[in-house]
Novice: 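Quick one: this structure, given as C-alpha cells, is what I'll be asking you about.
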There are 2 protein chains.
Amino acid sequence: MKRNKLNIYKIAEIAGVSKSTVSRVINDKAGVGDKTRKKVLEIIKDLNYQPNSFARGLANNKTKTIGLVVSDITDPFFSGFIKGVEAKAMEDNYNIMLANSHWVVEEELKCVKMFQEGRVDGVLIISGARDGLDVYLNDLSAKNTPVLLIDRKTDNGSIPKINVDNFSGAYMGVKYLLDLGHKKVACIKGDDVASSGASVDRVLGYKKALNDFGINNEIIVPGYFEVEDAYKATHNLLEEQKDITAIFYLSDMMAIGGLKAIRERGLKVPDDISVLGCDDIELASLINPPLTTLRQPRYEMGYKGMGALISILEETNKRINHKDISFNMELVIRESTKKVNIVD
Amino acid sequence: MKRNKLNIYKIAEIAGVSKSTVSRVINDKAGVGDKTRKKVLEIIKDLNYQPNSFARGLANNKTKTIGLVVSDITDPFFSGFIKGVEAKAMEDNYNIMLANSHWVVEEELKCVKMFQEGRVDGVLIISGARDGLDVYLNDLSAKNTPVLLIDRKTDNGSIPKINVDNFSGAYMGVKYLLDLGHKKVACIKGDDVASSGASVDRVLGYKKALNDFGINNEIIVPGYFEVEDAYKATHNLLEEQKDITAIFYLSDMMAIGGLKAIRERGLKVPDDISVLGCDDIELASLINPPLTTLRQPRYEMGYKGMGALISILEETNKRINHKDISFNMELVIRESTKKVNIVD
DNA sequence: TATAAGATTGGGAGCGCTCCCTAAAGTGGA
DNA sequence: TCCACTTTAGGGAGCGCTCCCAATCTTATA
C-alpha cells in the first residue's frame with residue numbers, strides 16, 4: 001500500500017507485519033518477538049530506511065534538535081563553546097540548529113522565534129545581546145521551551161545557567177600582576193551592559209585585587225570587547241599615562257588590539273609593559289608574544305551545558321531543580337607578562 | 001474543537017472560518033477575501049500563533065532548513081563562510097542545521113545521515129575530509145537531496161560547486177614575491193589529499209610562477225594546513241636552507257605557525273624573510289607583523305553558495321543546470337613582505 | 001433579470017509516525 | 001486438558017498541516 005515510497009508501511013508490508021510492530025522495533029520497545037524484531041531490523045538495514053522525523057515530531061512532539069543562539073559565530077571566543085555543544089549533541093544524537101544574533105536582542109528574539117516555529121526541543125543561548133532587556137526569556141521559559149544560558153546572566157532564577165567565575169578569575173589574574181611588582185595596572189574593560197555580566201564582574205575582581213594590595217589607583221577604560229576599540233583605548237591610555245607597566249584586557253581579542261597599539265608606540269611587551277588577556281582563545285598562544293591569559297573552559301562549558309539541557313529535556317519530571325554550574329578560570333602564564341622593571 | 005492547543009483549527013474557530021482559509025492566509029495564497037484575510041491575520045498576531053513546522057514538513061515535504069557540514073567550526077577559516085551562509089539563510093527564512101565532521105569522511109557521512117533523518121531540504125558542505133573517498137556524495141545527490149559544495153572538488157560533475165581560483169591566486173601571490181626580487185621562495189603546502197584540492201592547485205600556481213621567472217628551484221614542504229606542522233616544517237626548512245628569503249604558506253594559520261618559528265630562529269619578518277599567507281582570516285591583519293596574504297572571499301562564497309542552494313531547492317524544474325561559480329583571490333599587501341635585501 | 005464566469009470558502013483525504021486498545025497466540029500449573 | 005495469565009501483534013485514531021475538489025456567493029454581462 002501507500003505508493004512506492006519508503007515508509008513504515010513499506011517496511012511492514014515487506015516484513016509481513018503491521019506498522020505498529022515496525023514502530024516498536026524502530027523505537028526499541030518491548031512487545032516484539034525476537035525473530036520478528038530481527039527480521040524487521042534486517043529489512044530496515046537492507047533498504048537503508050530512515051524514519052521521517054517530521055512525522056515523528058508531529059506524532060510525539062519531540063524533535064531531538066536544539067536551537068543554538070550565538071552572538072557572532074565568527075568570533076573565536078564562541079567557537080570553543082560551540083565545539084563543546086556540538087560534541088555532546090553528536091554523542092546523544094541531537095541536531096543543532098544554529099543562529100547568529102549579532103549581539104542585538106531583537107535578532108536574538110527573531111532567532112528564538114524561528115526556532116520555536118522550527119520546533120526545537122530546547123534552546124541554548126551563549127552570551128548574547130549587548131543591550132539588555134531580555135525579558136523575552138521569561139516568556140520563553142514560561143512557554144515550556146526549556147532554555148539554558150551559557151555565559152549569561154538573567155534575573156529569572158528558574159532558567160538554568162552555566163557561567164565562569166569572572167570575579168575570582170580576574171582577581172587571580174590581577175593579583176598575579178601585582179605579585180610581579182606592578183604598581184600601575186590599567187584595565188581595559190568590555191561592555192558593562194553586556195548580558196554576560198563578564199565585564200562588570202571582572203572589573204570587580206580587578207578592583208578587589210588592587211584594594212587588597214593597598215593600591216587605590218584604578219585605571220579603567222572601556223574597550224567594548226572590540227579589537228578596534230581596545231586598540232584606540234590603548235593608544236589614548238599610553239599617551240596620557242606613560243608610567244603604566246601592565247594592562248589587563250578583559251578579552252584576548254582586545255589584548256590583540258592593544259598589543260598592536262603598544263607596538264606602534266615603540267614599546268616592548270613584556271619588557272616595557274606586561275599584558276594580561278582573558279579567555280585563552282586558540283590564538284593567544286600563537287601570537288607574538290604568546291599571551292598570558294585567564295583561561296575560560298569554553299569547550300567544557302559548552303559540553304556540560306548541552307548535557308544539562310538534554311537531561312532537562314529527557315527527564316519526565318521537568319520540575320526538578322537544576323542547579324546552575326560555575327566553572328573556574330585558570331591562569332595561563334606565557335610570555336606577555338614579566339616582573340616589573342626596577343626603574344626609579 | 002481539538003483540545004485547547006493553539007493550532008490552525010483554533011485559529012479557524014475563533015475567526016469563524018475553515019482551516020483551509022487559515023492555511024491560505026498563512027501561506028499567503030490567493031483566494032481569500034480581504035476582510036477575511038485581515039481578520040485571520042489579526043487573530044494570528046494576537047495569539048502569537050506559529051504554525052507547526054513538522055506538520056507542514058509532513059504535509060508538503062519541505063522543511064525550510066538546510067544542513068551545513070563543516071570540518072572544524074573552531075577554525076577561523078570556516079567561520080567566515082558560515083557567516084555568509086547564515087546571513088543568506090536568515091534573509092530567506094531558512095534554518096541551518098550544523099554539524100562538524102572533524103575532517104574525516106566517516107563523520108561527514110554520519111552528519112549527512114543525521115541530516116537526512118532530520119529531513120533537511122538540502123545540504124551544504126564546506127571543504128571537508130582530508131582523506132578522499134567521498135563516493136557517498138553520489139548517493140546523496142542521486143537520492144535527490146540537493147547538495148552544494150563550497151571549497152571542495154568532486155568528480156561528480158552534477159553537484160554544483162563554489163570555489164576560488166586557487167591556481168591563479170597562488171600564481172599572483174608568488175609572482176608578487178618574485179617581482180619583489182626574491183629568488184629563493186619556499187612553499188609550505190597543505191594537504192594534497194584534502195578534498196578541496198586547494199593545496200594541489202596552489203602548489204601548481206607556485207610552480208608556474210617560478211617557471212615563468214625562470215627559476216627552477218622549487219622548495220615544497222608539507223604543513224598539512226596545521227599550525228603545529230607548519231611551525232616544525234619552517235624550523236627544519238630554515239635549518240637546512242639558510243638562504244631562503246621568502247616563504248609562501250598555503251594558509252594563514254600555517255603562516256602564523258611559521259612566524260613563530262622564524263621568530264625563534266632570531267630572524268625578522270619582513271627584513272630577513274618575507275612571509276605570504278593565504279585566506280586572509282580576520283587575524284591576519286592583527287598579528288605582528290600584519291600578514292600579506294591572498295584573500296579568499298569567504299563570506300561572499302558562503303552567501304552565494306547558500307543562495308544557489310536555495311534557488312535549486314525552490315525551483316520547480318530541478319533539472320536546470322547550475323553552473324559552478326568561481327571566485328578570484330585578491331592579494332592583500334600588508335607588512336610581512338618587502339623587497340629582498342640586496343646582499344651578495 | 002437571468003446567467004455564466006469568477007472569486008471565496010469549506011470539507012475530506014493524506015503526509016508518516018506513535019499511542020492506545022483489543023485480539024490472538026503462547027505458556028504453565030492444576 | 002483447561003483456564004488464567006503473559007507475550008506478541010494488529011488496527012484505529014490522531015498529531016497539524018496542505019492540497020484538491022466541490023459548494024456557495026459575487027459580480028459583470030447580455
Side-chain angles (χ1 to χ4, degrees), chain A residues 1-41 43-44 47-65 116-121 314 316, chain B residues 1-41 43-44 47-65 116-121 314 316:
Chain A
M1 75 171 307
K2 308 277 182 186
R3 81 216 71 260
N4 239 13
K5 283 195 168 180
L6 191 52
N7 54 26
I8 200 171
Y9 291 101
K10 186 85 186 174
I11 302 290
E13 184 192 344
I14 297 177
V17 300
S18 76
K19 62 177 172 34
S20 306
T21 300
V22 177
S23 175
R24 282 182 203 106
V25 171
I26 293 171
N27 294 289
D28 211 22
K29 290 198 173 166
V32 184
D34 284 348
K35 315 165 295 302
T36 315
R37 165 163 275 134
K38 202 173 153 203
K39 181 171 52 178
V40 172
L41 242 25
I43 293 172
I44 287 179
L47 270 55
N48 193 23
Y49 161 74
Q50 306 257 21
N52 178 320
S53 70
F54 284 100
R56 276 180 128 164
L58 225 209
N60 64 10
N61 213 30
K62 281 243 174 196
T63 74
K64 284 288 244 181
T65 108
Q116 289 193 293
E117 208 241 338
R119 283 285 178 290
V120 300
D121 292 342
E314 295 190 345
T316 30
Chain B
M1 79 169 304
K2 307 279 182 187
R3 81 214 70 259
N4 239 14
K5 281 196 169 178
L6 192 52
N7 53 26
I8 201 171
Y9 290 102
K10 185 86 186 174
I11 302 289
E13 185 192 344
I14 297 176
V17 300
S18 76
K19 62 177 174 33
S20 305
T21 300
V22 177
S23 176
R24 283 184 201 101
V25 172
I26 292 171
N27 294 288
D28 210 24
K29 291 201 172 161
V32 184
D34 284 349
K35 317 165 294 300
T36 315
R37 165 163 276 135
K38 203 175 152 203
K39 182 172 54 178
V40 172
L41 241 26
I43 294 172
I44 286 178
L47 270 56
N48 192 22
Y49 161 74
Q50 306 257 22
N52 179 319
S53 70
F54 284 100
R56 279 181 125 163
L58 225 208
N60 64 11
N61 213 30
K62 282 242 175 201
T63 74
K64 286 287 245 179
T65 108
Q116 290 193 292
E117 206 242 338
R119 282 285 178 288
V120 299
D121 292 341
E314 295 190 346
T316 30

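For the numbers below, each heavy atom of this structure counts, side chains included, while hydrogens, waters and symmetry mates do not. Throughout, a chain's letter reflects where its sequence line sits, starting with A, and its residues are numbered from 1.
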Novice: Closest heavy-atom contact between A:S18 and A:A12?
Specialist: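 Closest heavy-atom pair between A:S18 and A:A12: C-CB, 3.7 Å.
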Novice: Would you mind classifying the nucleic acid contact of B:N61 as base, sugar-phosphate or nothing, using non-hydrogen atoms under 4.0 angstrom?
Specialist: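 Result for B:N61 = nothing.
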Novice: Report the distance from atom CD of B:E13 to atom P of C:dG11, rounded to the nearest whole Å.
Specialist: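 One finds 13 Å between P of C:dG11 and CD of B:E13, rounded.
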Novice: Using whole Å, report how far CG of B:N27 lies from C1' of D:dG16.
Specialist: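 In whole Å, D:dG16 C1' and B:N27 CG are 13 Å from each other.
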Novice: What integer distance in Å separates B:K29:NZ from C:dT9:C1'?
Specialist: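 In whole Å, C:dT9 C1' lies 15 Å from B:K29 NZ.
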Novice: Of the candidate nucleotides D:dT18, C:dG11, C:dG16, which contains the atom at the shortest distance from the side chain of A:K5?
Specialist: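 Within the option list, the nearest is C:dG16.
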Novice: Which atom pairs link the protein and nucleotides 4-9 of chain D when you take only N or O atoms and keep those under 3.5 Å?
Specialist:
residue: D:dA9; atom: OP1; partner: A:T36; partner atom: OG1; Å: 2.4
residue: D:dA9; atom: OP2; partner: A:G33; partner atom: N; Å: 2.6

Novice: Can you give the donor-acceptor pairs under 3.5 Å from side chains of residues 22-37 of chain B to other protein atoms, not counting sequence neighbours?
Specialist:
residue: B:N27; atom: OD1; partner: B:R56; partner atom: NH2; Å: 3.0
residue: B:N27; atom: ND2; partner: B:S23; partner atom: O; Å: 2.9
residue: B:R37; atom: NH2; partner: B:K29; partner atom: O; Å: 2.4

Novice: Taking atom C1' of D:dG16 as reference, at what distance in whole Å does atom CD1 of B:I44 sit?
Specialist: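 To the nearest whole Å, that distance equals 14 Å.
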Novice: Any donor-acceptor pair under 3.5 Å joining the side chain of A:K10 to the base of C:dG16?
Specialist: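 No, the side chain and the base share no sub-3.5 Å donor-acceptor pair.
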Novice: Report yes if at least one side-chain N or O of A:Y49 is closer than 4.0 Å to OP1 or OP2 of C:dC17; otherwise report no.
Specialist: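 Yes, within the criterion.
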Novice: Take the protein atom CG of A:D28 and the nucleotide atom P of C:dC19, then report the distance between them rounded to whole Å.
Specialist: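 Rounded to the whole Å, the gap is 13 Å.
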Novice: Within the 4.5 Å heavy-atom criterion, are B:I44 and B:V40 side-chain neighbours or not?
Specialist: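 In short, these two side chains touch, coming nearer than 4.5 Å.
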Novice: Without decimals, in angstroms, what is the distance between B:Y9 OH and D:dC17 C1'?
Specialist: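 Those two atoms, OH and C1', are 8 Å apart.
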Novice: Compare side-chain N and O positions of B:K62 against OP1 and OP2 of D:dC17 and report whether any pair is under 4.0 Å apart.
Specialist: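 For D:dC17, neither OP1 nor OP2 has a side-chain N or O of B:K62 closer than 4.0 Å.
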Novice: Heavy atoms, side chains only, cut-off 4.5 Å: are B:N48 and B:L6 in contact?
Specialist: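 Answer no - side chains too far apart.
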Novice: A:I26 has an atom CD1; how far is it from atom P of C:dC17, in whole Å?
Specialist: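 To the nearest whole Å, that distance equals 6 Å.
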Novice: Quick one: list whatever passes salt bridge (Lys or Arg N to Asp or Glu O under 4.0 Å) with A:K19, sequence neighbours left out.
Specialist: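 Salt bridge (Lys or Arg N to Asp or Glu O under 4.0 Å) list for A:K19, sorted by chain: empty.
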Novice: When the distance from NZ of A:K19 to P of D:dA13 is rounded to whole Å, what number comes out?
Specialist: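 Taking atom P of D:dA13 as the reference, NZ of A:K19 is at 11 Å.
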Novice: Whether A:N60 contacts C:dC17 is assessed here as follows: a side-chain N or O lying under 4.0 Å from the phosphate OP1 or OP2. Is that the case?
Specialist: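 No, no such contact exists.
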Novice: If we only count heavy atoms from C-beta on, is the B:Y49 to B:I8 side-chain gap below 4.5 Å?
Specialist: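 B:Y49 reaches B:I8 side chain to side chain.
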Novice: From the list C:dT18, C:dG16, D:dT18, which nucleotide is the closest neighbour of the side chain of A:R56?
Specialist: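 Per side-chain heavy atoms of A:R56, the pick is C:dT18.
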Novice: Any side-chain heavy-atom pair from B:D121 and B:T65 closer than 4.5 angstrom?
Specialist: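 A side-chain contact is absent here, since even the closest heavy-atom pair is not under 4.5 Å.
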